[in-house]
Structure formats: structure tokens, C-alpha cells
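Take a look at the structure set out below.
All values reported here derive from a predicted model rather than from experimental measurement. We name chains A, B, ... by the order of the sequence lines, and we start the count at 1 in each one.
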Number of protein chains: 2
Amino acid sequence: MLGSVRTYGQYCAMARGLDLVGDRWTLLIVRELISLGPSRYADLQRGLPGIATNLLANRLRELEHAGLVARTELPRPANATVFALTERGAALEGIVREFVKWGAPLMATHAPDDTFRPHWLLVPLRGLCHDATPGAPAQVVRVGTAADGCDIAADAGTVSVAPSSPSTTPDATVDGDPDALVALFTGRLPIAAADAAGMITGDVEAVRRVVGGTPASLGAQGSA
Amino acid sequence: MLGSVRTYGQYCAMARGLDLVGDRWTLLIVRELISLGPSRYADLQRGLPGIATNLLANRLRELEHAGLVARTELPRPANATVFALTERGAALEGIVREFVKWGAPLMATHAPDDTFRPHWLLVPLRGLCHDATPGAPAQVVRVGTAADGCDIAADAGTVSVAPSSPSTTPDATVDGDPDALVALFTGRLPIAAADAAGMITGDVEAVRRVVGGTPASLGAQGSA
DNA sequence: CAGCATCCTGTTCGATACTG
DNA sequence: CAGTATCGAACAGGATGCTG
């Protein structure tokens, strides 16, 4: 009845890590909890197209048992169950970040039937954005929508990327085709071209301020 | 007949990475190829206790197809097939390293029936060792044995950790119980105590030279 | 012997239907 | 909304047999 008692049985840090988060879907659930913050069951399902509902329930139970996810019952009037990463669970972001870096070259092509959610860009954007105008007042660029996206906040030379919040009014909003979004933030699509294509609403200069990171953060590694 | 056409179908760098290396055993095979260097089939099997032989063959074929592993036929007299990481495959070390860092706290306890191979320490040791005596002549400390272990080479302030080579004569050799080895290199077991327990052969000062890294590399993160 | 392929069994996964 | 129940298909694990 309980899942994954299956273990590699190795006294090895990596094998023991994989015993906890190596099952199918598990690291994507962690990605969701990182990218969305504390989430309800149905929101997790929306960010994990194709997952079986029983599998999501199993994984959440296993993650909870492993001390990586905490389940909280919100009081009235919300009256909902909320899943959030514990501190130890949030420490998985390093693994997620390395996966994103390694997988970056795989984003060059876009299969039309692949699903896409703008909030999936949160971890990648953390490595891809900078503040090119440290002296300017604080600005926020939204990627995607208020319901599903990321808010890139630039202030005093540093950027922070958070799940988009309906209570924030961004200075600019960027949206469009998945591959165009990726191309824009990896530098393959010029900002002017994105603007001409109608991808940018609001202050184009705010977009110019945050787009573009260090070459290393683009995950430029051989081909595949 | 061909494995894993199963894909997450997401336009997401992490999901696409997991499509390639997210299957069971795959990242442990990568760990083996990193820790052993180019290897023969039987050597991989020895480092992956419990893997089904057909599964290893399948995974190697998938990795080859993904461009992460290259298969080479050695000419006579060796006449063997050798599997090695490609450049793109070797780039997975960042993911392996993050897994090791995150999994480090899980090594605190040691189940007696867990298997252990000294060469599994190679990636962890890369984050755990330093050269405390940059001025001293080059020295090599072996962990494990010539047949299965790592050689830690300290020279001019930097250390490099490689699979143990029979053609190298180390200045000191460290071996012993798996948990004692881990405790030694994570600083929980004093070098003097390891020496008193008979874990060290040769020049104890060479061991003292390389053992101990930055606090950050110990992977100190919450509990679990 | 190294490097698999085949066969078989048990577990996990995926899709859908259903429930408090 | 947050799951549980069910069932066929795919996959993992173990033993064994084949082939140069």
C-alpha cells in the first residue's frame, strides 16, 4: 500500500538521495513547489500535466514522510490543504538548478505538443537575469500572467524571481510562444524583435534591464 | 524492445533532462562512469550491486543513443568493449555533485547490509579535500585499494581526485569501515583516531595534508 | 569469459472512474 | 477540493541461456 520501500541499498550519498527523490515525477513535484511556493493539490496537478492523481497523492505522502514536504490545513474560510517544502526540501533547489543548467541545450527545439507553463521558467530565470541598471528605481517584469508566471524584481543591482502575485502590478509583462520566451531570455531573440512581435506590454526598458545574464548561466555546453 | 520512449512531454529543461537520465539506475551508471573512468561491462556491474544485467544493457544503449555514452571496441589483445562518457555525458557531474552534497547528511547512519565501494567516494572527495601544505612536494593519498579506490593527489595548493591506478604508488593509504572512512573525511573522526584504529598506512602527514575542506563542502544543511 | 538476450514474475505507472 | 479505487500496460528484478 505504501510506495517505494525499494532502495538501492548502497552506502553512497547519491544513491541515498535517489532513494528519496529518484522516483518518477518526484523531482518535478519539487520543481512545482519551488516555482509556485506553497500549493494546493489541484494547483500541483495543473503544473504536472499527465500525472496520475493517485501517483501525486503517493508522492506527496512519501515526501512528507521523508521530511521534505509539510502539509498544512488552512483554517476557515480558506479551508484547504496546502503543501509546502520544508527547509530540507527547499535545499533540493541546487539539484533542480543543475538539472536546469544541464538541460538548457535541450530547449533549443520545441515540440508543438509539449505542454508549457510559464511558472516553469522560475528556476531558469534565476540564472538568466541580472540588473543592468543598478541605479534605477525598483522595477518588476512579469513573465506569463498573474495566474501563472514569474515576477522578476530588479532593485539596486540584484534581481529576485518569485511566483507571480496578483497583488503586484508589473512595469512590463512578457508573454508569447514558449520557444520565443526561452529564446528571449537566453539571448537568441533580440528584445526589439520580441517587442515587434507583440510579446512585450508596458515598459520595454524594464525588460531590457533584466534580460541577459552571464554567459556561464546560459548553460552553454556541447550539443545533444 | 527499446526502452523508455516514455517522456514527460513538457517544454521544461528539467523535465527534458529527466527524460534522458531520470530512469532508475541511470544516474548511478553515470556516477560509475565518472568514478571509474572508461569501464567495461563487468566493472560497471560490480559497482552497481543489484542491477539486473538486461537493465544495465538497456540503460547503456539508451545513454549511447542520447549521446551521453560512447562505446569503444578495444583492439587485440585487450579485445574488450569499453564504455565512456562523452563530453556531454561528463557534464552531468554537476548534477551528481549536487546530489552528493544534498545527500551528505543521509550518510550519518550506516546500515550494515548496505553495500559499499570505495570508488563511490570520488565525487564526494572532490568537495571534501584541500591542500593544507601548498609548499610541500606533490603527494598522493589512496582511499581504498589499488583495485577499487581513489587517489587524492595534492600539489601546489590544489588537489585532484582520480580513480586509483595500479601504476601509482601512494604516500599513504586509508582504508577501513565505510562509516569510519566517511567520518574521517567529513571531520567527524579525528585523524589521530583513524591512525590509532589502524586505518592509515604510510605517511600520516600526507593524510593530514588533504583531509578537511571548507565547511560549505561538508553539505551541512538541516536534518533528515 | 565478456557482453549481452530471453523468459518469467512482481511492482509501478497511467488512465479513468468514483467518493467524502 | 483532495483525494481513493480499480485495472491493464509498462517496467524492474532475478535467473538462466546464448554467442563470439
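Listed here is the closest heavy atom pair of Gln10(A) and Pro49(B): NE2-CD, 3.6 Å.
Atom CG in Leu18(A) sits about 14 Å away from atom P in dA12(D), given to the nearest Å. Straight-line distance from the CG atom of Leu44(B) to the C1' atom of dC4(C): 13 Å, rounded to whole Å. Between the P atom of dG20(D) and the CG atom of Leu74(B) lies a distance of 20 Å, rounded to the nearest Å. For the pair Asp23(A) CG and dG14(C) C1', the computed distance is 15 Å after rounding to whole Å. A straight line from CZ of Arg59(A) to C1' of dA2(D) spans 18 Å, rounded to a whole angstrom. Separating the CG atom of Asp19(A) from the C1' atom of dT12(C) is a distance of 16 Å, rounded to the nearest angstrom. Here dG13(D) presents its C1' atom at 13 Å from CG of Leu56(B), a figure rounded to the nearest Å. Atoms CD (Glu62(A)) and P (dT11(C)) sit 15 Å apart, rounded to a whole Å.
Residues Ser164(B) and Asp151(B) bring no donor and acceptor atom of their side chains to less than 3.5 Å of each other. Remark: the Arg142(B) side chain and the Thr173(B) side chain contain no N/O donor-acceptor pair separated by less than 3.5 Å.
For the pair Arg40(B) and dC4(C), the criterion of a side-chain N or O lying under 4.0 Å from OP1 or OP2 is not met. A sub-4.0 Å separation between OP1 or OP2 of dC4(C) and a side-chain N or O of Arg71(B) is present. For dA10(D), the OP1/OP2 oxygens have no side-chain nitrogen or oxygen of Arg24(A) closer than 4.0 Å.
Aromatic ring pairs are classed by plane angle as parallel below 30°, tilted from 30° to 60° and perpendicular above 60°; the pair Phe83(B) and Tyr41(B) is tilted.
Comparing dT6(D), dC13(C), dC4(C) against the side chain of Asn54(A) picks out dT6(D) as the nearest. With dA5(D), dG14(C), dG13(D) as the candidates, the nucleotide lying closest to the side chain of Ala52(B) is dG13(D). With dT4(D), dG14(C), dC4(C) as the choices, the nucleotide that has an atom nearest any side-chain atom of Leu55(A) turns out to be dG14(C). For Trp25(B), the listed nucleotide lying nearest its side chain is dG13(D); candidates were dG13(D), dC4(C), dA2(D). The Arg6(A) side chain lies nearest to dG13(D) when the options are dT4(D), dA2(D), dG13(D).
Nearest-nucleotide mapping onto DNA chain D: of Ile51(B) and Ala80(A), the residue sitting toward the 5' end is Ala80(A).
Using a 4.0 Å heavy-atom cutoff across all strands shown, Thr81(A) reaches sugar-phosphate atoms only and no base atom. Note on Ala42(A): only backbone sugar-phosphate atoms sit closer than 4.0 angstrom, heavy atoms only; bases stay farther off.
Proximity of Glu98(B) to Arg97(A): side-chain heavy atoms (C-beta onward) are nowhere separated by under 4.5 Å.
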